[in-house]
There are 4 protein chains.
Amino acid sequence: MSPRTSHQFKEIRESRKSQIMDTALELFAREGYAHCTIAMIAKKAGISKGLLYNYFESKEQLLNEILESGLTEIWELLDPDKDGDLSAEELKNFIHIVFRLMRDKRDYWLVYFGLLMQPKVMEQIVRRPVVKNIEAYFQILMNYFKKQGYENPLLEVTMLSALIEGLGVLMIYTKDVVEIPDTLMDQFEERVINLINNRQEGQIFSSSQKNEK
Amino acid sequence: MSPRTSHQFKEIRESRKSQIMDTALELFAREGYAHCTIAMIAKKAGISKGLLYNYFESKEQLLNEILESGLTEIWELLDPDKDGDLSAEELKNFIHIVFRLMRDKRDYWLVYFGLLMQPKVMEQIVRRPVVKNIEAYFQILMNYFKKQGYENPLLEVTMLSALIEGLGVLMIYTKDVVEIPDTLMDQFEERVINLINNRQEGQIFSSSQKNEK
Amino acid sequence: MSPRTSHQFKEIRESRKSQIMDTALELFAREGYAHCTIAMIAKKAGISKGLLYNYFESKEQLLNEILESGLTEIWELLDPDKDGDLSAEELKNFIHIVFRLMRDKRDYWLVYFGLLMQPKVMEQIVRRPVVKNIEAYFQILMNYFKKQGYENPLLEVTMLSALIEGLGVLMIYTKDVVEIPDTLMDQFEERVINLINNRQEGQIFSSSQKNEK
Amino acid sequence: MSPRTSHQFKEIRESRKSQIMDTALELFAREGYAHCTIAMIAKKAGISKGLLYNYFESKEQLLNEILESGLTEIWELLDPDKDGDLSAEELKNFIHIVFRLMRDKRDYWLVYFGLLMQPKVMEQIVRRPVVKNIEAYFQILMNYFKKQGYENPLLEVTMLSALIEGLGVLMIYTKDVVEIPDTLMDQFEERVINLINNRQEGQIFSSSQKNEK
DNA sequence: AATGAATGAGCTTTCATTCAT
DNA sequence: TATGAATGAAAGCTCATTCAT
């Protein structure tokens, strides 16, 4: 048997890593980070505890890589022209993607938000380079609203963020109480996009009211 | 010397209990629930570890009582006529209070939201009677929007909740990054109230735009 | 109100003490000594923990007094002429009393035997004066069998003791499996007494055999 | 270096497990179950506390496994043809083994009897499958005496059990007072066997008496 | 690369005992 | 005499991490 090339080795390593990270993410989401043990993760991933430490230097490092990888992945989807400028179309697309991600990567959000709330963890996350990008995006949104002539762009960005994250939180923490139906999510998304597209129609609490008159 | 009266004992117990709960809440918020040890709480509260167990049967029980007590306290402020009916004025007042609480009881929210994200913890919280009240409130809001002629009350309630909770989350998790200024909070609140009061004006992203044309 | 006489005080003290001891014995028997807490005992006795320490200087001391008091009480019933001599009648009476005690003071035996098996506890008990009496009684029994012309009195005493204690153990530890009926106990006692009274008939395993012939 | 084979691991586990159980049994016997700490056991076994929990999920579980293993081991020795039938020879052999075990496994008995007396522990033991076997044995003995024409087999079995267990108890709890000599044990055993073999001669308190007349 | 036995620091929890009142 | 809040030493147990194989 010819020895594997170093390239093959690297590939194997990478796929093992993802496998571990996926497993861990699922467990973190289901059981909570603190409640998960290395033994649980290793067992579910079908490897030994020792091997896990071959790939990640600590439980915390494993978490960090999961968070970073998730953020990067998301970021790549959201990444606009990087010209710092956002067209209406791009913003619409951005929102659409965010909503899709919220559904598809629910596990990830669950963990991400959960940890965001743990003060000590947050401090760590904040220092990561990817988070800088998020702050950049915040600026891009600010610019968008400024260019559209909004008087108080910060307020607009805050509301948009709040709407989206608020929905995210609702989705996540009502999971055990009541499932938010997909149709409601779609309507929600539609409304948010309307709000941006068409300010006249876009009253947050009145989309269907005009019929009334 | 005669022993303390049972009244005195009760007073001691109650004040000690609150003292411990306050201390614990502060620490949970600052350090995260998982990261806090009983020793830390006891030390900060100036008592022995043993005494803590005289008042709470476990760390988890301590947490539960904190959550329950906070929810109850909040609930009392929010509680409307209980006639199941909500006037516009009451809704306005409700929102105002929610915004005030968000600022005044930030520690509480930090812990509460943080735990809401921990799956196992959430299951516990959901079963508590106080949470039933929250569900009741949800119905009251639904009724309100229905009576106002909204076509899709569930969507409206969801958006209102998302807006408020989203702001809450923003407030909390941006704490270490950037402080949301009080003026922004006020504007946010004003906007939300406008949205409800006056549907024509209440476009979420345009309150100040009409002047522009 | 006239102050109580010191005699009255002493009476009150004594009755309180017995009350605590009775309660503790019952609990020890039901829950096991190690598993019982001072708090449990005090609560069941309707007094405060502090007061218990007013009467007994430690949990261990409480146990010791219970054991000692039980042994003394039993001993008084068994106490023969003290002339070191035992008539057949006295031995018969002795056995009868032992059997009665086994039923009436089951709680006590349960605790007593249970503790006898705990090495460290045993060491303590053995040093108590009452136990010396037991050893004395052993001698008296030895003498009895010697005088009756038995070749190996030690063996006889051992067998008698084993029979009685063995029944005691059976009674106690089969409690949760199967109750030994009173009639069986009576038959057992009758047999033991026969064994001593009438050596010809007293085959341990043959009371009903004569029909066989 | 290649990792250990699963066979090697199994061997390590098994030998470690017995090592811990042996150590614990000895300590339980010497110090009493309640008085023994995990730290003591681990130290005496030359391992860390943590490792102990790698093999036994709790102190109580460790105890249970010790008891179960002892009972099983004993049971294998006692197990007759399983035809539910007991010949005189088999019964004799049974008694012989019991007496030998009493001497050889004194530590075990000490712990076993000691715990039998602790109510809460007993409940646990009783539910174990091995104990069912003991009940089965009880039935076999009953059958034996019935077939031999005894009028009250239950009484006979009770007496036999009491004799044996009573001796066991005597052996154990007189350990600190006076050692029962081996010769006495032999005589005791001989007498019990005689009692069964030869009903005419087998008077419990008179084996050597007939010469006297 | 791969294993899981082994470690040990540190956690939650218990409870006999003390003590101010 | 009587209370129960308060203590603190010590227990059982957990688990991230290391390491010999």
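Residue numbers begin at 1 in each chain, while the letters A, B, ... track the order of the sequences. Because only heavy atoms are used, hydrogens play no part in the values below, and waters and symmetry mates are left out as well, while side chains stay in.
If A/Glu57 and C/Leu52 are placed on DNA chain F by their nearest nucleotide, the residue sitting closer to the 5' end is C/Leu52. If C/Ala39 and B/Gln8 are placed on DNA chain E by their nearest nucleotide, the residue sitting closer to the 5' end is C/Ala39. When each of C/Cys36 and A/Gly46 is assigned the nucleotide of DNA chain E with its nearest heavy atom, A/Gly46 is the one assigned upstream, toward the 5' end.
Within 4.0 Å of B/Thr5, counting heavy atoms only, lies no atom of the nucleic acid at all. Within the 4.0 angstrom heavy-atom criterion, only backbone atoms of the sugar-phosphate kind lie near A/Tyr55; the bases stay farther away. Here B/Thr37 lies in heavy-atom contact (under 4.0 Å) with sugar-phosphate atoms only. Among the heavy atoms of the strands lying under 4.0 Å from D/Ile38 are primed sugar atoms or P, OP1, OP2 only; no base atom is included. Heavy atoms of B/Ser6 sit nowhere under 4.0 angstrom from any nucleic acid atom. If you check every strand for non-hydrogen atoms under 4.0 Å, B/Ile12 touches sugar and phosphate atoms only.
Minimum atom distance to the side chain of D/Arg4 is reached by F/dA20, of the listed E/dA16, F/dT3, F/dA20. Of the candidates F/dA20, F/dT1, E/dA2, E/dA2 carries the atom nearest the A/Arg16 side chain, counting heavy atoms from C-beta on. Of the candidates F/dT14, F/dT3, E/dC11, F/dT3 carries the atom nearest the C/Ile47 side chain, counting heavy atoms from C-beta on. Of the candidate nucleotides E/dC11, F/dA5, F/dT17, F/dT17 has the atom nearest to the side chain of A/Ser58. Which of E/dT21, F/dT14, E/dT7 sits closest to the side chain of D/Leu51 comes down to E/dT7. The side chain of A/Asn54 approaches E/dA1 more closely than any other nucleotide in the set E/dA6, E/dA1, F/dG12. For B/Lys49, counting side-chain heavy atoms from C-beta on, the closest listed nucleotide (E/dA2, E/dA16, F/dA10) is F/dA10.
Per the geometry, CD1 belonging to D/Ile41 stands 12 Å off C1' belonging to F/dA11, to the nearest Å. Atom NE2 in D/His7 sits roughly 19 Å away from atom P in E/dT3 (whole-Å rounding). For B/Leu62 and E/dT12, the CG to C1' distance is 13 Å, given to the nearest whole Å. Atom CE in B/Met40 sits roughly 14 Å away from atom C1' in E/dT12 (whole-Å rounding). Between B/Tyr53 atom OH and F/dG12 atom C1' the separation is 12 Å, expressed in whole Å. For the pair D/His35 NE2 and F/dA10 P, the computed distance is 12 Å after rounding to whole Å. Counting to the nearest Å, the P atom of F/dA6 and the CZ atom of B/Phe56 are 12 Å from each other. Rounded to an integer number of Å, the gap from D/Phe9 CZ to E/dA6 P is 9 Å.
By the 6.0 Å contact criterion, CD on A/Gln61 is enclosed, its count of non-hydrogen atoms from other residues, nucleotides or ligands being greater than 12.
With rounding to the nearest 0.5 angstrom, the CD atom of A/Gln19 is 13.0 Å from the CD atom of A/Glu14.
Searching all strands for a Watson-Crick or G-U wobble partner of E/dT21 with both distances below 3.5 Å returns F/dA2. Look at F/dC13: its Watson-Crick or wobble partner, with both distances under 3.5 angstrom, is E/dG10.
The pair C/Glu26-C/Arg30 meets the salt-bridge criterion, with a side-chain N (NZ, NE, NH1 or NH2) lying under 4.0 Å from an Asp/Glu carboxylate O.
Remark: the backbone N or O of B/Leu27 is not paired with any side-chain donor or acceptor of B/Tyr33 at under 3.5 angstrom. In this structure, the side chain of D/Tyr108 engages the main chain of D/Leu71 through a donor-acceptor pair within 3.5 Å.
Under a cutoff of 6.0 Å and an axis angle of 45°, B/Lys59 and B/Tyr53 do not form a cation-pi pair.
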